[in-house]
J.: 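One structure, as structure tokens, below. Some questions next.
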Protein chains: 2
Amino acid sequence: MSLPHAILTALLEKPSSGLELTRRFDKSIGFFWSATHQQIYRELSRLEATGLIRALQRTGPVRGQKKEYEVLPAGRAELARWTAAADDPRPIRDPLLLRLRAAAVVGTAGLDGELRRQLALHRESLASYRTIERRDFAPGEEDRGDPLQHAVLRAGIGLEAFWVQWLEETLETLPAPPPEPPA
Amino acid sequence: MSLPHAILTALLEKPSSGLELTRRFDKSIGFFWSATHQQIYRELSRLEATGLIRALQRTGPVRGQKKEYEVLPAGRAELARWTAAADDPRPIRDPLLLRLRAAAVVGTAGLDGELRRQLALHRESLASYRTIERRDFAPGEEDRGDPLQHAVLRAGIGLEAFWVQWLEETLETLPAPPPEPPA
DNA sequence: AGGTACATGTAACATGTTACATGATTCC
DNA sequence: GGAATCATGTAACATGTTACATGTACCT
């Protein structure tokens, strides 16, 4: 039950329409909770039906016309409750680890290349998070930025850094792949 | 599409019935890909229908009677293909990070206790993974255990260690919670 | 009038979760 | 024969993904 709360948070930060939310879920919020516009519209309808948000006044509900939502007091209360509620950490669930386990059974052919590919992608993510950190949380300058938002970003950086290091180590333990045949 | 491949891997390691698979998904495989028995039975039916596995001979298909499956050559081939296929890393998707972002908007009341709870749980997981590592991958003793399986375990250890460290850091940046009222 | 971007939505399906139903085997 | 355990399954629902449908606003 995270998506409704993600939307409540986004709407509290700034009342928005479905499409605007979709764009924000492609950027900052989407770094740790992605959602498509179909999910967002479905969830907006539910949140409105349960009285946690409401649409800002409009003459008639016409398709194709922008519809902005804002959070109602009940929505803010629900979000505050959820923020501090007991909820166990998500168990690890990663297809790449599954694939290593499968490779232990069916062989490592082609695995080396895929691990290098993943490594390159994680290095990219890591670099982009670090750029954001330098931009939004520069040290010294009188603590710009919310410390909680900084903690979230540090989590992203730490996780990407972990994967980079783990992939480098794992590539070393892998048997060398066959050399590329000359063209 | 990871569950079918998780099942193929498990069945290659050892042909099993649905319930036996369920138990194995509560242990080693489940550390990085969990599944309930309902999911497993549903997927076993599909894998059998698509010719990747088959049930070992039985007189009549009776409810309540054990049914063992084994992987067919097509299943092994599909697993090998999937192992080395290009598949982008899973984006981060963690409700706890969402909750921190929400707390930046609705306040940090009660957050401290929940972070400490999460920290305790991650410390437990970390300790249990390290115990397994000492047991199955003791150094020196002529490289017992598959290096790929060891890499998977190192990922679990690294991720739990990351969360422990991150939670410790984050708790320090949090404003102190109100003192407990005396009983 | 046509194209493009904006904006909201439906439909169908895949995956994951929760609750419940049914039968077989073993032990007392 | 009743309880506990083993074992397979159905049903209903929640969540997430993919493809498609419909309408508005603006520019040329």
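Naming convention: chains lettered A, B, ... in sequence-line order (proteins, then strands); numbering from 1 in each chain.
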J.: How many angstroms lie between CG in Leu97(B) and CZ in Arg90(A), if you round to the nearest 0.5 Å?
T.: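 One gets 11.5 Å once the value is rounded to the nearest 0.5 Å.
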J.: Would one find a side-chain N or O of Tyr41(A) under 4.0 angstrom from OP1 or OP2 of dT8(C)?
T.: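 Yes, because at least one side-chain N or O of Tyr41(A) sits under 4.0 Å from OP1 or OP2 of dT8(C).
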J.: Looking at dG9(C), I'd like to know if its phosphate oxygens (OP1 or OP2) sit under 4.0 Å from a side-chain N or O belonging to Lys67(A).
T.: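 Yes, such a contact exists.
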J.: Please identify each residue that fulfils salt bridge (charged side-chain N to carboxylate O under 4.0 Å, His left out) with Arg93(A), with sequence neighbours left out.
T.: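 Scan of Arg93(A) (salt bridge (charged side-chain N to carboxylate O under 4.0 Å, His left out), adjacent residues dropped) gives none.
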J.: Grab the NE2-C1' distance between His37(B) and dT18(C) for me, whole Å please.
T.: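 It works out to 11 Å between those atoms.
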J.: So, using salt bridge (charged side-chain N to carboxylate O under 4.0 Å, His left out) as the criterion, who are the partners of Glu78(A) when residues are at least two apart?
T.: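 Salt bridge (charged side-chain N to carboxylate O under 4.0 Å, His left out) list for Glu78(A), sorted by chain: Arg81(A).
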J.: Report, as a single string ordered 5' to 3', how protein heavy atoms within less than 4.0 Å touch nucleotides 12-17 of chain D: B base, S sugar-phosphate only, - not at all.
T.: ---SBB
J.: Which residues within residues 5-31 of chain B lie with some heavy atom under 4.0 Å of an atom in DNA chain D?
T.: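 Result for residues 5-31 of chain B: Ser17(B), Gly18(B), Leu19(B), Arg23(B), sorted by number.
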J.: Would you mind reading off the distance between Ile40(A) atom CD1 and dG9(C) atom C1', rounded to a whole angstrom?
T.: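 So the CD1-C1' distance, Ile40(A) to dG9(C), works out to 13 Å.
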J.: Just do the side-chain contact (heavy atoms from CB on, under 4.5 Å) check on Leu111(B) and Leu115(B) with the steps written out, would you?
T.: CA-CA 6 Å; Leu111(B) 188 60; Leu115(B) 293 185; 4.2 Å; yes
J.: With rounding to the nearest 0.5 Å, note down the distance linking OG1 in Thr170(B) to CG in Leu148(A).
T.: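 Answer for the OG1-CG pair, Thr170(B) versus Leu148(A), is 8.5 Å.
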J.: Can you list the residues that meet the ring-ring contact (aromatic ring centres under 6.0 Å, His included) rule with Trp33(A), with sequence neighbours excluded?
T.: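 Once residues adjacent in sequence are excluded, Trp33(A) has no partner under the ring-ring contact (aromatic ring centres under 6.0 Å, His included) criterion.
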J.: Determine all donor-acceptor pairs shorter than 3.5 Å in which one atom belongs to a side chain in residues 127-138 of chain A; sequence neighbours excluded.
T.:
residue   : atom : partner   : partner atom : Å
Ser128(A) : OG   : Ser125(A) : O            : 3.3
Thr131(A) : OG1  : Ala127(A) : O            : 3.0
Glu133(A) : OE2  : His150(A) : NE2          : 2.9

